[in-house]
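So the structure is just underneath, and the comments pick up after that.
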Amino acid sequence: MAVSVPELPEVETVRMGLEPVLEGKRFTSVETRRAGLRVPFPKDFAKRLTGHKVTRLTRRAKYLLAELDSGETLVIHLGMSGRISVHAKGAPGELGNYLHNAGHSDGHGKHDHVLFETDAPARIIFTDHRRFGLMVLIDTATLTDDKLFKGLGPEPLSGDFDAKYLSAALKGKKTPIKSALLDQRVVSGLGNIYVCEALFRASISPKRSASKVSAAQMAPLLREIKAVLKEAIKAGGSSLRDYAKADGELGNFQHHFLVYDREGEPCPHKCGGTIKRIVQAGRSTFYCPVCQK
DNA sequence: CCATTAACCTGACAGC
DNA sequence: TGCTGTCAGGTTAATG
């Protein structure tokens, strides 16, 4: 299966993998290989990072947040194809079991756009062949007011994302439930793949109008969204431990999905249906027309 | 205000 | 072999 696009669980996996080489560590050098990604790098980007310590590494939606002791936060979005790999600066293996050595990359690959070195001592390479990613620096004090974060819906794994909230958020929305769940203002962090998977698991048709998701369907929908994300995060954690033993990179996710990219295959619910692919709002949707109502 | 669509970008792949 | 065209999807600006 192809390497998938980073959604919430993948970003969380990257966060978990980066934590040991970033949290409490100081940037000793930062190098950019181009003017920017989806947006230009901030003014004096390297200068504003170098010498500063990462006090916390967190995640909001699909954004990684590296809080610095300078009062700024480094915000990283992986876009569609962003990958992060961690390498030893010296001899292989000297970093211990938190090293995820991508092996094949020396940081001079065609799409290696940003190199961070820390006093871990580790070299962190940001690779993004399609450059839909983003890196900005934002004042930590006003981070939540920033336009990137201001309109974001609740974290799907938080207690705020419950039946009461979701019913209200979907009320009056004529757009299909599939599109509504991709809207980061409704809930943040879901992408095309996990929305397809959650709707399948909850047996809800992606074509159903958002406002017409019944009260009875709300609980399964919430449960399956949370479950599929948790399972993917768990799988990501396992893969991190595997990568510590073998070559790999943070973000090289190869999950197994029930319906995504399975057009023409029999429905895994064994309802006799066949997985169909349709396009909604310009995105592929995979679902079972028989058991998703 | 709301909903839909195109644009950004490059690698992979199908078809000729 | 190599060309051309299409597709993938997170986010956002533009359009209806």
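Within every chain, numbering begins at 1; the chains are lettered A, B, ... in the order of the sequence lines, protein sequences first and strands thereafter. Heavy-atom basis, side chains included; hydrogens, waters and symmetry copies ignored.
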Nearest-nucleotide pick for [X], side chain only, options being [options]:
| X | options | answer |
| --- | --- | --- |
| A:Val5 | C:dG10, B:dG11, C:dT11 | C:dG10 |
| A:Ala281 | C:dG10, B:dT5, C:dA8 | B:dT5 |
| A:Thr175 | C:dT11, C:dC7, B:dT4 | B:dT4 |
| A:Tyr260 | C:dA8, C:dT11, B:dA3 | C:dA8 |
| A:Lys62 | C:dG10, C:dA8, B:dC9 | C:dG10 |
| A:His129 | B:dG11, C:dT12, B:dT5 | B:dG11 |
| A:His111 | B:dA3, B:dT4, B:dG11 | B:dG11 |
| A:Ser284 | C:dA8, B:dG11, C:dG10 | C:dA8 |

Subject >> Interatomic distance at P, B:dC9 relative to C:dA14, whole Å >> reply: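 Result for the P pair: 15 Å, nearest Å.
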Original post:
For DNA chain C, whose closest nucleotide is more 5', that of A:Gly79 or that of A:Lys147?
Top reply: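 Here A:Gly79 is the residue nearer the 5' end.
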Original post:
Taking the six-membered ring for Trp, are A:His77 and A:Phe132 ring centroids under 6.0 Å apart?
Top reply: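 Ring centroids of A:His77 and A:Phe132 are no less than 6.0 Å from each other.
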**OP:** Verify the ring-centre separation between A:Tyr63 and A:Phe149: is it less than 6.0 angstrom?
**Re:**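 A:Phe149 vs A:Tyr63: aromatic centres under 6.0 Å.
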Subject >> Pair A:Lys234 + A:Glu231, salt bridge at N-O below 4.0 Å >> reply: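 No, A:Lys234 and A:Glu231 are not salt-bridged.
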Ignoring backbone atoms, test whether [X] places a side-chain nitrogen or oxygen under 4.0 Å from the OP1 or OP2 oxygen of [N].
| X | N | value |
| --- | --- | --- |
| A:Arg283 | C:dA8 | no |
| A:Lys174 | B:dC2 | no |
| A:Gln184 | C:dG10 | no |

Original post:
For A:Leu190, which contact category applies under a 4.0 Å heavy-atom criterion: base, sugar-phosphate, or nothing?
Top reply: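 Nothing, no heavy atom under 4.0 Å.
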**OP:** Using the closest heavy atom to pick a nucleotide of DNA chain B for each, name whichever of A:Arg38 or A:Lys110 lands nearer the 5' end.
**Re:**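 Mapping each residue to its closest nucleotide by heavy atoms, the 5'-most match is A:Arg38.
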Original post:
Of A:Gly172 and A:Arg34, whose closest DNA chain B nucleotide lies nearer the 5' terminus?
Top reply: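 The residue whose closest nucleotide sits nearer the 5' end is A:Gly172.
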Subject >> ILVMFWY cluster, A:Phe41 and A:Ile84 together (side-chain gap under 4.5 Å) >> reply: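 In one cluster: yes.
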Original post:
Using the ring of each side chain (for Trp, its six-membered ring), is A:Phe286 parallel, tilted or perpendicular to A:Tyr260, with breaks at 30° and 60°?
Top reply: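 Ring orientation, 0 to 90° scale: perpendicular.
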